[in-house]
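These notes are about the structure you will find just below.
Please read all numbers here as calculations on a predicted model, not as lab measurements. Each chain gets a letter, A, B and so on, in the order the sequences are listed, and its residues count up from 1.
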Amino acid sequence: MPELPEVETIRCDLYPRVCGRAITAVRITPDAVPLVDGASPAEFQRRLKGRRIEGLSRRGKYLILHLSGGLHLSGGLHLIVHLRMTGALLHRDAAAPADRYVRAVLSLDDGTELRYADLRKLGRLRLVAHPDEAVGRLGPEPLDARFTAARLRQAIGRRRAPIKAVLLDQRALAGLGNIYADEALFAARIHPQRRADTLSEAENRRLHRSIRRVLRDALDNRGASFRDYVDGGGREGRHQFHVKVFRRTGQPCYVCGAEIERTKVGGRSTHFCPRCQPQEVANGPT
DNA sequence: CTTATTCCCTGATTGC
DNA sequence: TGCAATCAGGGAATAA
């Protein structure tokens, strides 16, 4: 499940390989129709062919390919890719062995290709004139220098939902998914069910630091491959070996030895340490 | 504005 | 051992 660290790893892999390349051909398999948002596959192909990839950026969990106008193509265009659960964007030689579940292929002018693979077909490919059409409503980037503890407090606002639900809300904060929401709350020693608007100033600061630390560490490990995630070269990440609570139900907490528990918050499976992340706020000043 | 629920999709896992 | 039901979860859509 690609979240911010996974998508950023893919972006770093692909950036030097695809920037400057022109798209010479586009192929979309018939079963990929629902993946192509807002345009027919034929229209999608026609609008992409001949464009040059001028840049590759990331916003939250979205990858953005910045495309040029070709010789007789006018106006900027952006290909927005969201991998959702099982999407992958693979850069391969055109002659490389087939990958499973490939739904779309962009052939490039150096004999390589970008393959979009997606087992469950939950991902989305979308062409827009301005990236904000797709990512304009996203909250702040947690690894941006401008993301301070005050900005986190602002993102939480007066929301009364469980803090984990707010962390998963991309309009509050961009890029966290189920893995890193659980990991950040554990690192901050905050129960996932805590009502978001009741966090103390100290808890808010801990959560801010924890979110950034957890995402940084995951990025250093090239993302977490629990099931389907692979990077831009088809390789797995290593961060699944470093998580503290995610999918560790029944195993001992590395900090206190208590059994990691699993519940549901906002319809998502949620993992936490009942001793390190107590439901009740401790009495007294901290 | 808020929060909760359903749906999409298919391979892996669980239950009987 | 087999087969059906359930689970996984990001985000859009919908309901309240």
Side-chain angles (χ1 to χ4, degrees), chain A residues 1-10 28-39 58-64 80-89 99-104 116-126 128 131-139 141-142 154-185 192-198 215 218 223-230 236-237 239-240 243 245-250 260 262-272:
Chain A
M1 51 212 85
E3 306 179 24
L4 189 155
E6 289 77 24
V7 178
E8 180 63 16
T9 299
I10 293 171
I28 296 173
T29 62
D31 62 349
V33 174
L35 302 184
V36 181
D37 227 25
R58 179 193 57 77
R59 181 76 172 88
K61 302 174 196 172
Y62 292 83
L63 276 170
I64 306 171
I80 310 288
V81 180
H82 198 298
L83 304 170
R84 296 272 185 103
M85 294 295 295
T86 57
L89 205 52
D99 292 288
R100 299 181 81 185
Y101 312 115
V102 171
R103 316 292 182 185
Y116 179 77
D118 192 350
L119 184 157
R120 284 163 67 182
K121 295 186 279 192
L122 293 170
R124 289 294 178 267
L125 306 175
R126 187 176 166 198
V128 295
D132 273 358
E133 291 175 50
V135 301
R137 293 172 169 275
L138 293 179
E141 280 292 324
Q154 199 176 16
I156 293 170
R158 296 166 190 271
R159 295 183 58 166
R160 301 162 65 90
I163 183 62
K164 171 159 175 184
V166 176
L167 292 183
L168 290 177
D169 184 345
Q170 304 298 298
R171 291 164 307 186
L173 193 60
L176 287 194
N178 215 29
I179 300 171
Y180 300 113
D182 281 2
E183 293 297 310
L185 287 167
Q193 284 280 16
R194 266 291 289 289
R195 222 177 79 173
D197 63 354
T198 67
L215 292 176
S225 296
F226 279 96
R227 183 169 272 185
D228 301 284
Y229 165 71
V230 289
E236 296 191 344
H239 197 67
Q240 65 277 18
V243 294
V245 288
F246 187 76
R247 295 207 187 163
R248 293 197 63 247
T249 314
I260 301 302
R262 183 177 136 164
T263 58
K264 283 238 189 250
V265 178
R268 299 290 180 248
S269 69
T270 295
H271 314 76
F272 68 101

When rounded to whole Å, the CG to P distance for the pair A/Leu35 and C/dG11 reads 15 Å
When all nucleic acid strands are considered with a 4.0 Å heavy-atom cut-off, which category describes A/Tyr180: base, sugar-phosphate, or nothing?
-> nothing
Could you give the CG-to-P distance, from A/Leu167 to C/dG11, as a whole number of Å?
-> 13 Å
With 3.5 Å as the limit, what N/O pairs link the protein to nucleotides 9-12 of chain B?
| from | atom 1 | to | atom 2 | distance (Å) |
| --- | --- | --- | --- | --- |
| B/dC9 | O4' | A/Arg120 | O | 3.2 |
| B/dC9 | O2 | A/Arg120 | NE | 3.0 |
| B/dC9 | O2 | A/Arg120 | NH2 | 3.3 |
| B/dT10 | OP1 | A/Lys121 | NZ | 2.9 |

Under 4.0 Å between any heavy atoms, over every strand shown, what does A/Met1 touch: base, sugar-phosphate, or nothing? Just pick one.
-> sugar-phosphate
Quick one: pull up NZ in A/Lys164 and CG in A/Asn178 and give me the separation to the nearest 0.5 Å.
-> 3.5 Å
Could you go over nucleotides 12-16 of chain C and give all protein N or O partners under 3.5 Å, atom names and distances?
| from | atom 1 | to | atom 2 | distance (Å) |
| --- | --- | --- | --- | --- |
| C/dA12 | OP1 | A/Tyr62 | OH | 3.1 |

In whole angstroms, how far is the P atom of B/dC8 from the CZ atom of A/Arg124?
-> 11 Å
Rounding to a whole Å, what distance do you find between A/Phe226:CZ and C/dG10:C1'?
-> 17 Å
Should A/Asp228 and A/Arg120 count as an ion pair when the cut-off is N to O under 4.0 Å?
-> no
Could I get a table of every N or O pair under 3.5 Å where one atom is in the protein and the other is in nucleotides 1-5 of chain B?
| from | atom 1 | to | atom 2 | distance (Å) |
| --- | --- | --- | --- | --- |
| B/dT3 | OP1 | A/Arg160 | N | 2.9 |
| B/dT3 | OP1 | A/Ala161 | N | 2.9 |
| B/dT3 | OP2 | A/Arg159 | NE | 2.9 |
| B/dT3 | OP2 | A/Arg159 | NH2 | 2.9 |

Give one of base, sugar-phosphate or nothing for A/Thr86, where a contact means two heavy atoms less than 4.0 Å apart.
-> nothing
Can you name the nearest heavy-atom pair linking A/Gln170 to A/Leu176, along with the distance?
-> NE2-O, 2.9 Å
Counting only side-chain N and O atoms of A/His82, is one of them less than 4.0 Å from OP1 or OP2 of C/dG11?
-> yes
Going from CD1 on A/Ile179 to CZ on A/Phe226, what distance comes out if it is rounded to the nearest 0.5 angstrom?
-> 5.0 Å
Could you tell me how the ring of A/Tyr62 sits relative to the ring of A/His82: parallel (under 30°), tilted (30 to 60°) or perpendicular (over 60°)?
-> perpendicular
For A/Leu215 and A/Glu3, what are the C-alpha separation, side-chain angles and deciding distance, and is it a side-chain contact (heavy atoms from CB on, under 4.5 Å)?
-> CA-CA 9 Å; A/Leu215 292 176; A/Glu3 306 179 24; 5.9 Å; no
Could you state the interatomic distance from NZ (A/Lys121) to CZ (A/Arg84), rounded to the nearest 0.5 Å?
-> 14.5 Å
Answer whether the closest heavy-atom distance between the side chains of A/Leu63 and A/Val7 falls below 4.5 Å.
-> yes
A/Leu83 and A/Ala88 have their tightest heavy-atom pair at CD2-N, 3.8 Å
